[in-house]
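Some notes on the structure that comes next.
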Amino acid sequence: MSVFFASGLVQLALLVGTLVAAVAALVGVFTVLRRQSFAGHALADLGAVGGSAAFLLGIPQLVGFVGAGILAAGVMEVVGIKRVQGRDVATGIVFGLGLGLTALFLYLDTQHAGTSNAAISVLFGSLFAIDAGVVPLVAALSVVVCLIVVVFYRWFLLESLSQDLAAVRHIPVRLTGILFLVALALAVELSALTIGAVLSTALLIAPAAAALRLTRRVGFAILIAIGIGVGSTWLGILISFESYGWLGGAHSWPVSFCIVIVAFAAYLLSGIAVPVRARRSRVAHVL
Amino acid sequence: MTETPVLEVNGVGVALSGRTILHDVTFEIAAGEFVGLIGSNGAGKTTLLRVILGLQPTTAGTVRFGGVRPGRGAGVIGYVPQKVALDPDLPLRARDVVALGLDGQKLGIPLPSARRRALVDELLSSVGASDFADARVGQLSGGQQQRVLIAHALISQPRLLLLDEPLANLDIRSEQEIVELLARVGRERGVAVLLSAHDLNPLLPVMDRIVYLADGRAAAGTTDEIVQSSVLTGLYGRRVDVLRIDGRVLVVAGPNDAHGHDE
């Protein structure tokens, strides 16, 4: 264990992993409320276009992820705004295009930029290979997301209840949608950095979904989700670190897998906790 | 009637992609009045409510609140929309929904406040929702959800309460309870109520006046003035009969109308 915390790689992974997990869980609660997890997944896949192109352009991977993610959020907003019903379709169309471009860029990365591990890094994350120079950007983006959620907290809630109820109170419904897409894009691209574009929605949705089963209050749900997200990340990093040689040979289990499996386990456990809680409240009701 | 009406709708017309939805709709609502907005599906009830709320642009006419144009009258209108999809997993308690009616448009996270909590409790109790104040709103029955949404609309102390088909999808008993509740809170709080419905019968005991919509045109007055064969025949542009049975009213297309009544 002392070896675990003494490792510089681990310390950096824990720092970045904590920030990213907290932000993803926070945004995840609202994503589940607004039923936009599919949009989150699409943003992850489109972010991968930027993440994979980053190697060719010689820019940091996170900058590629975030640039493409924000661009994608903008496109989704413009295409989808024509008809509210069209949002799902618009997301789906852009979705496929993104994966195609990612395939092309990853191919070019290995052919020309000579980065053979680009595919693994973009698709499945690189928490143990993070450049310390990216930490200020991670921190800054985390602050931006938190500010958006804190400032527009009640707008997001009221709008997820009913767009009409929000509009009657002079809340700009379209602006609210855009602000949320930006927060969603940033949260997803930050997770893409740590656990990869393919898995990034796991950190977004699993902790939030588990938390929403456990409480009736949004504020508590956010705190529980952050706890589960950060806890999964720490436990995942520990498992990955300790797993060196478990299966024989000089390999650790992939850290992304370890984080995701812990978050998934938390979701399953929350399902067991719910009937227990319901039973207890029924007893309390009788008494 | 020297007092300024709470709501004045004057010559309002709405056309959507060339189709006339509302034509020359004119009526007034006085303070504390209970008014039914009656018409079949597609008559333009929701559009008219959206015009009053300022969510639907008009092609003609004006809407005024207590002599003031819309937009400045924030807080003047409370609104209960037709469909609020409340997911059973939504982590909002009934009291959270009511509190959002108080300050949902504000920025930042609300801080716990005794005054806010007392106000929410008062509203929950006045709509008979105290028993399920802490339940997830999505797990409540249709009638219970209506009560919570009515409290949400009333907490900002509006002078006018608009409800879009609040009786749809309710069983007969809840329907009656909601109508009685609206009449009571309207009286107690001096709030005028404008409620849309396709059936006027549940409202007959409490309705002060009626606005009858057919094919985008409106007739307003007391129930006795409006619900007559001659008036409704003129409104629909075809023969309509009004049958009265035991204090209930049945509006049916006349027998010589080969096309039948357009529901």
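All values below come from the heavy atoms of this structure, side chains included, with hydrogens, waters and symmetry mates left out. Numbered from 1 within each chain, the chains take letters A, B, ... in sequence-line order.
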request  = Determine whether more than 12 heavy atoms belonging to other residues, nucleotides or ligands lie under 6.0 Å from atom CZ of B:R189.
outcome  = yes
Region of B:L55 in contact with chain A, defined by heavy-atom distances below 4.5 Å = side chain
remark   = If one checks every heavy atom of A:L161 against chain B at 4.5 Å, the contacting part turns out to be both
Minimum heavy-atom distance between B:G108 and A:R154, given as atom pair plus value = O-NE, 3.1 Å
message = When you measure from the side chain of A:R169 to the backbone of B:D103, do you find a donor-acceptor pair of N or O atoms at a distance under 3.5 Å?
response = no
Heavy-atom pairs under 4.5 Å with chain A, option from B:D87, B:D96, B:L90, B:L149 with the top count = B:D87
query = Do other residues, nucleotides or ligands put more than 12 heavy atoms under 6.0 Å from the CG atom of B:D121?
reply = yes
query = So do B:H152 and A:L158 actually touch side chain to side chain, heavy atoms under 4.5 Å?
reply = yes
message = Taking every non-hydrogen pair under 4.5 Å, which of B:P81, B:A135, B:P110 racks up the most with chain A?
response = B:P110
A:R216 (side chain) donor-acceptor with B:P91 (main chain) under 3.5 angstrom = no
request  = Determine the minimum heavy-atom distance between B:I109 and A:Y153, stating which atoms define it.
outcome  = CG1-CG, 3.7 Å
note = Greatest number of non-hydrogen atom pairs under 4.5 angstrom with chain B, of A:L33, A:V32, A:V29, A:V149, falls to A:L33
request  = Can you measure from CH2 (A:W155) to CD (B:Q105) and round to the nearest 0.5 angstrom?
outcome  = 9.5 Å
key: Step-by-step salt bridge (charged side-chain N to carboxylate O under 4.0 Å, His left out) determination, B:R50 to A:D164   = CA-CA 9 Å; B:R50 293 179 66 83; A:D164 280 348; 3.1 Å; yes
